[in-house]
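Notes for the one structure printed next.
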Amino acid sequence: MAEVINMPRLSDTMEEGVVAKWLKKVGDKVEEGDILAEIETDKATMEFESFHEGTLLHIGIEEGEAAPVDNLLAIIGEEGEDISSLLKDNKSSDKKEKAKESKDESKDAPKADSKKVKEKEDDDNSEESESSNEIPEGVEVINMPRLSDTMEEGTVASWLKKEGDKVEEGDILAEIETDKATMEFESFYNGTLLKIGVQEGETVKVDTLLAIIGPEGTDISGITSGEPKSKSSGKKEETASKEEDSANDASEEKSNVNTTEAKDGSRIFASPLAKKIAEDKGIDLAEVNGSGENGRIVKKDIESFQPSAKPAAAKTESPAASSEKTVQTYTPAGEESFEDIKNSQMRKTIAKRLGESKFTAPHYYLTIEVNMETAIASRKQINEIPDVKVSFNDMVIKASAMALRKHPRVNSQWTGDATKIAKHIHMGVAVAVEDGLVVPVVKYADQLSMTQIGAHVKDLAGKSRNKKLQPSEMEGSTFTVSNLGMFGITEFTSIINQPNSAILSVGAIVEKPVVKDGQIVVGNTMKVTLACDHRTVDGATGAAFLQTLKVYLENPVTMLA
C-alpha cells in the first residue's frame with residue numbers, strides 16, 4: 001500500500017521547509033534508509049531519509065519550492081500502483097481549509113450586493129463630474145510638483161505672478177518650499193494665469209491643483225481638481241513629463257538662487273533649468289541674451305543660442321588673469337544599483353526569533369574586565385600535556401557553567417505565569433555559518449572538563465559549518481556564550497537567545513597598561529558583557545554572577561577544586 005510522506009518538522013522552530021535537492025526521482029526504487037532529499041530548514045540543510053521501501057510514485061514539492069510542515073512531500077508505493085485517490089484526498093483537504101477561510105467572507109455577501117448598487121450610483125455621478133470637469137482647448141492645469149525625491153507636500157512661499165498676468169514659457173511662477181529647500185518653479189506654457197489654486201503660505205500635497213494657464217477670458221469654472229479625467233491621455237503624459245523634468249531640474253539645483261555672477265562682477269539672471277542646460281552644453285551665460293522678464297535667461301534662449309565667432313587675434317592672457325580662472329567643481333558620476341539576495345529559511349528564522357527576543361524581553365547589560373594573566377599561563381601549561389588542547393573559549397564556557405551552578409537564577413526561563421529555574425546546565429555556543437548563525441548545545445557543561453568541552457565544541461562547530469548538525473544538538477540550551485574575540489572585537493552586546501534569560505558576550509584579550517601593586521605594568525585583560533532579561537534576572541543577581549565568573553577566569557585552578 002502506498003505511503004504518503006509529508007514535509008517533516010526537522011527542528012523545534014521549523015514552520016516550513018525548502019526542498020534544496022531531490023536525490024531520487026519519480027520511478028526510482030527506494031530502500032529504507034535511502035536519502036530522499038536535502039531539506040533546508042530554519043537552522044540547517046538536512047538530509048531526509050526514507051522509512052519505507054518501494055517506488056517513488058509522486059513528488060509533491062519541486063526543488064527550490066517552500067512548503068509548510070505537513071504538506072504532501074512524496075508518495076512511495078508499489079510500481080504502477082494507483083495513487084489518484086491519495087492525491088484527491090490531499091487536494092480535498094486543501095479545499096476544506098480554503099472553504100473554511102472563505103466562510104466568514106460569504107457572510108458579508110448581502111452587504112456586497114447593496115454596495116454594488118451604491119457603486120453604480122457613484123459611477124454615474126462620476127461620469128457627470130467628468131463631463132463638468134472637461135478642460136477647454138488651450139488651457140493647461142498645473143499641479144504641485146514633486147521637487148525632491150522625498151517631497152510629499154509643498155508650501156507656496158511667494159507668487160511671482162498674479163491672476164490675470166501674462167505668462168511666457170520659462171517665467172518663474174512661484175517660489176515653493178519643499179522638505180529640502182525653497183525652489184523656483186517656472187512655467188512651461190504661454191498664456192494668462194487664469195487661476196491660483198494654492199495661496200501664499202498654504203501647504204498642500206503633491207499633485208494638488210496649483211495653477212491654471214490658458215487664453216485670456218477662458219471659462220475655467222468647470223475645472224475643480226488637478227487631475228482632469230476627460231483630457232486626452234497623450235496630453236496628460238506630455239504635461240506630466242514636463243512637470244517631472246521641472247522637478248528633476250529643480251531638485252538638482254537645490255537652491256532658490258536664480259542669479260550668476262559674470263566675470264566683470266555683474267549679475268546674470270537665469271532660470272535653474274536654463275543654467276543646467278547651459279552647464280551641460282558648456283555655454284557661457286554671459287554671452288546669452290535673455291528674453292524673459294528683466295532680461296532673464298530662460299530655457300528657449302539657451303536652446304536657440306548660437307555662439308559668436310571668436311576674434312582672429314585673441315588677447316594673450318596674463319598669468320594673473322589665468323590664475324583667477326574658476327576651478328570647475330568635480331561632480332562624481334556613477335550608477336546606483338542594488339542586488340536582491342533571497343533570504344534563506346535560516347535567515348528568516350534568525351530575523352523572526354531575534355526580533356521577538358529584542359522586542360519582548362527587557363534587555364540590560366553588565367560589563368566587567370578580567371585580568372587574564374594567570375589564565376594565559378595556565379592554558380600554556382595545560383597545552384604542554386600531550387594530546388591536550390584547550391582554548392580560552394573553553395575556559396569561558398567552563399567558568400560560566402560553574403558560575404551558573406552558584407547563581408541558578410541566571411540559568412532560568414520566563415514563561416509569564418512562572419520563572420523556570422533549570423537544575424541542569426546546557427551551554428549554547430554561538431557559531432557563525434555561511435547563512436547566518438546557529439547555536440549548538442554542550443549539555444551538562446558543568447560536569448565536563450575543559451578538554452571535554454573543547455572536543456564537544458570543535459565537533460559541533462564542524463557539523464554546523466558542514467550543515468550536518470542534528471536538531472537534537474541545537475535544542476535545550478539554558479545559557480549562551482557568544483565569542484567574537486578571535487575577530488579582534490574588544491567589547492560588544494548580544495541579543496538573548498530565548499528562552500534563555502541571559503547571554504555572555506566575550507571580547508578579545510588585549511595587551512594594555514594596568515596598575516599592579518601601585519605600579520603601571522603591561523597586562524592582558526578581557527572584557528565580557530552579560531545581557532540579562534530583567535523579568536527574571538535582577539541587576540544585583542547579574543552582577544554577582546559576573547563577580548564569580550571573574551574569580552574563576554582569573555584563577556583557573558579554582559575550577560579544579
Side-chain angles (χ1 to χ4, degrees), residues 4-26 28 34-50 56 58-75 90-91 93-94 97-98 101 149-150 334-360 428-441 460-475 477 480 482 484 487 489 492 494-499 503:
V4 173
I5 302 171
N6 293 328
M7 174 64 77
R9 188 182 300 277
L10 297 176
S11 78
D12 54 335
T13 57
M14 177 178 172
E15 294 179 359
E16 64 177 12
V18 175
V19 176
K21 184 179 180 182
W22 278 102
L23 302 181
K24 298 285 185 180
K25 59 182 184 291
V26 173
D28 283 358
D34 284 355
I35 303 300
L36 288 178
E38 292 180 353
I39 296 178
E40 182 185 342
T41 74
D42 56 335
K43 293 182 176 178
T45 300
M46 309 177 72
E47 295 177 340
F48 178 62
E49 66 181 60
S50 174
L56 183 57
H58 177 73
I59 287 178
I61 303 170
E62 298 300 327
E63 287 186 2
E65 288 186 1
V69 169
D70 293 334
N71 265 35
L72 175 65
L73 178 66
I75 298 177
N90 185 67
K91 288 181 180 179
S93 65
D94 290 342
E97 289 294 325
K98 291 179 181 177
E101 291 175 4
D149 54 340
T150 57
E335 182 181 352
E336 294 183 355
S337 62
F338 298 91
E339 179 186 0
D340 289 341
I341 300 175
K342 188 177 180 181
N343 291 327
S344 65
Q345 295 300 111
M346 180 184 291
R347 179 57 60 188
K348 289 178 184 177
T349 303
I350 289 172
K352 179 181 177 183
R353 295 196 64 194
L354 293 186
E356 289 173 351
S357 175
K358 187 67 175 177
F359 302 134
T360 58
V429 182
V431 176
V433 294
E434 184 179 353
D435 291 333
L437 184 75
V438 294
V439 185
V441 179
L460 292 170
K463 287 183 177 180
S464 300
R465 296 188 180 99
N466 294 325
K467 298 183 177 180
K468 301 297 183 182
L469 207 61
Q470 296 301 309
S472 60
E473 295 172 315
M474 294 183 283
E475 296 171 353
S477 67
T480 305
S482 178
L484 293 179
F487 297 106
I489 303 301
F492 68 103
S494 301
I495 298 175
I496 297 169
N497 179 34
Q498 288 190 339
I503 182 171

Do [X] and [Y] have side-chain heavy atoms sitting under 4.5 Å apart?
X	Y	result
Glu16	Met7	no
Leu73	Leu36	no
Ser50	Lys24	no
Val431	Leu469	no
Ile503	Ile495	no
Thr41	Thr349	no

Report the distance from atom [atom1] of [X] to atom [atom2] of [Y], rounding to the nearest 0.5 Å.
X	Y	atom1	atom2	answer
Asn466	Thr45	CG	OG1	12.0 Å
Asp34	Phe48	CG	CZ	12.5 Å
Ile39	Lys21	CD1	NZ	14.0 Å
Ile75	Ile5	CD1	CD1	9.0 Å

Which heavy atom of [X] sits nearest a heavy atom of [Y], and at what distance?
X	Y	result
Trp22	Glu63	N-OE2, 2.9 Å
Thr480	Val439	CG2-CG1, 4.1 Å
Pro471	Met46	CD-CE, 2.9 Å
Ile61	Ala67	CD1-CB, 3.4 Å
Ser482	Ser494	CB-OG, 3.9 Å

Can you tell me which residue pairs pass the salt bridge (charged side-chain N to carboxylate O under 4.0 Å, His left out) test with a partner in residues 463-473, sequence neighbours excluded?
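Found Glu47-Lys468, Asp435-Lys467, Asp459-Lys463, Lys463-Glu473.
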
Could you list the residues that satisfy side chain to side chain contact (heavy atoms under 4.5 Å, CB included) with Val429, not counting sequence neighbours?
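If we apply the side chain to side chain contact (heavy atoms under 4.5 Å, CB included) test to Val429, skipping adjacent residues, the hits are Asn393, Ile397, Val442, Val457.
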
Answer yes or no: is there an ion pair linking Glu15 with Lys348, defined by an N-O contact shorter than 4.0 Å?
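Lys348 and Glu15: not salt-bridged.
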
Is there a donor-acceptor pair under 3.5 Å between the side chain of Glu65 and the backbone N or O of Val19?
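Here the side-chain-to-backbone pair does not exist.
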
Counting distance only, does the side-chain N/O of Ser357 pair as donor-acceptor with the main-chain N or O of Arg353 below 3.5 Å?
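No; zero donor-acceptor contacts below 3.5 Å.
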
